[in-house]
Amino acid sequence: MSETSRELIVSKIRNGTVIDHIPAGTALQVLNILGITGREGYRVALVMNVESSKLGRKDIVKVENRELKPEEVNKIALIAPTATINIIRDYRVVRKVKVKLQDVIEGIIKCPNPNCISNLPREPIKPKFRVVSRNPIKLKCVYCGRYITGDDIARQLH
Amino acid sequence: MGFKGRDVIAITDFTPEELLHLFNVAKTMEKYCRSRLELLKDKILALAFFEPSTRTMFSFQTAMHRLGGSVIWFSSSEATSIAKGENLADTIRMLSSYADAIVIRHRFEGAAAFAAEIADVPVINAGDGSQHHPTQAMIDLYTIWRERGRIEGLNVGVLGDLRYGRAAASFIYAISMFKPKKLYLISPELLKVRSEVRDYLESKGVDYTETTRLDEVIDELDVLYVTRVQKERFPDPAEYEKVKGSYRVDLKVLSKAKEDLMILHPLPRVDEIALEVDNTRYAYYFKQASYGVPVRMALLALVMGGIE
Ligand SMILES: [Zn+2]
């Protein structure tokens, strides 16, 4: 879809963030990760299932007056590894980054294994995962070796 | 080969070559199982058994004494400050400041890896959670190597609780490093191996079969590793009653076994191997238990720098 025809669906924002190339159907999860409920008062645009030359179908999220923190970008990488993040200032894209799934993911999600040492309260330990596969996403707990997959990750990030 | 100063968290941390080196040292250690060496004369080994296991504990204590070293220890959480609220990290930090190496046993999975992050001295996993018990796996492989002369190319069956049993899981990882001809994973549906283990077998190119029937594969096996199927694992007791007989090794099922089948078991055993099997040529589990001390002597001497 060309830039002009996209304008037909959602108008440009002045300052904020455009998250593009989100896998179709996951835009709501991205909003969840960002903690956006719609009651914040700023403009939020959500476009789902539009044509994309790269992905076939994709979602787009535009958020006015908000730039993402690095930890938010890392979280988005977990459920939308194809996403690109455009920082908009005065209607212009001033920075464009592709989210990148780190090789080691620390502290964002919990190990699904209730008997994992990383789930013990009162230990100075952060859950830590190594990437086993990126597409579909599969992570492995560094401590207990248990896998966590896309659905579990999405459920946790809600 | 560098054992010195290394953590021993999972059997897969080691290469087959390193394990064979360990076995050669262990074979030498067999001669000194009744004497006292001076290899670790001024060394102290801490045994942190957050979950009790008399067998494993005695085995490490004996190994350390035979090497001329000393042991400090606690067993189970009840008697120590752990119960009063001290966490694992603080306990490990304390032991790390006293001892030259720490042996840990813990109910939680990944406890040994976490302890190794905290400690400044080598940490040896004596069983954590349901997947890893590397020193047991070393003893298991050693028994095959010692009694059979080789580990590669055998038809190996693993019987019992392959899902929650740490000895079984650890042994599956271990034997897979030595190119088994075929691996038979024999368990009730509920207790099959985890997908993590299956992925490992596939990554190693191991030819394996999962089955619920021992009697259908017994005649193929060179080695049968037996573990217990616990009643508590079954949400429905009736389900347990239905399957329990199929995972018991007795003379009847062994009537079809190869002449030189080796039966291994990490012990203690309850009733998964009938007593009548003890006096047959298949029973290697007491021999296997007796190798616990020399293998642990070799490992401690290598890791704590008593020998190269
Ligand atoms: Zn874990």
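- Residues B:Leu88 and A:Ile117 have side chains in contact (heavy-atom distance under 4.5 Å, counting atoms from C-beta outward).
- Neither the backbone nor the side chain of A:Pro121 comes within less than 4.5 Å of any heavy atom in chain B.
- Annotation: residues 75-100 of chain A contacts chain B through no residue [non-hydrogen atoms, separation under 4.5 Å].
- Here the OG atom belonging to A:Ser118 is positioned 10.0 Å from the CZ atom belonging to B:Phe108, to the nearest 0.5 angstrom.
- Each of A:Asn115, A:Asn119, A:Asn113 was evaluated against B:Glu109; a single residue qualifies, A:Asn113, per the side-chain hydrogen bond (donor to acceptor under 3.5 Å, both in side chains) test.
- Counting heavy atoms from C-beta on, the side chains of B:Asp199 and A:Lys138 come closer than 4.5 Å.
- Under a 3.5 Å cut-off, the side chain of A:Glu123 and the backbone N or O of B:Asn87 do not form any donor-acceptor pair.
- Under a 3.5 Å cut-off, the side chain of B:Gln131 and the backbone N or O of A:Gly145 do not form any donor-acceptor pair.
- When heavy atoms are compared at a cutoff of 4.5 Å, B:His132 does not approach chain A at all.
- Here the side chains of B:Phe114 and A:Pro124 are in contact, with some heavy-atom distance below 4.5 Å.
- Atom SG of A:Cys141 sits about 10.0 Å away from atom CD of B:Glu196, to the nearest 0.5 Å.
- Looking at B:Ser195, the atoms closer than 4.5 Å to chain A (heavy atoms on both sides) sit in the backbone and in the side chain alike.
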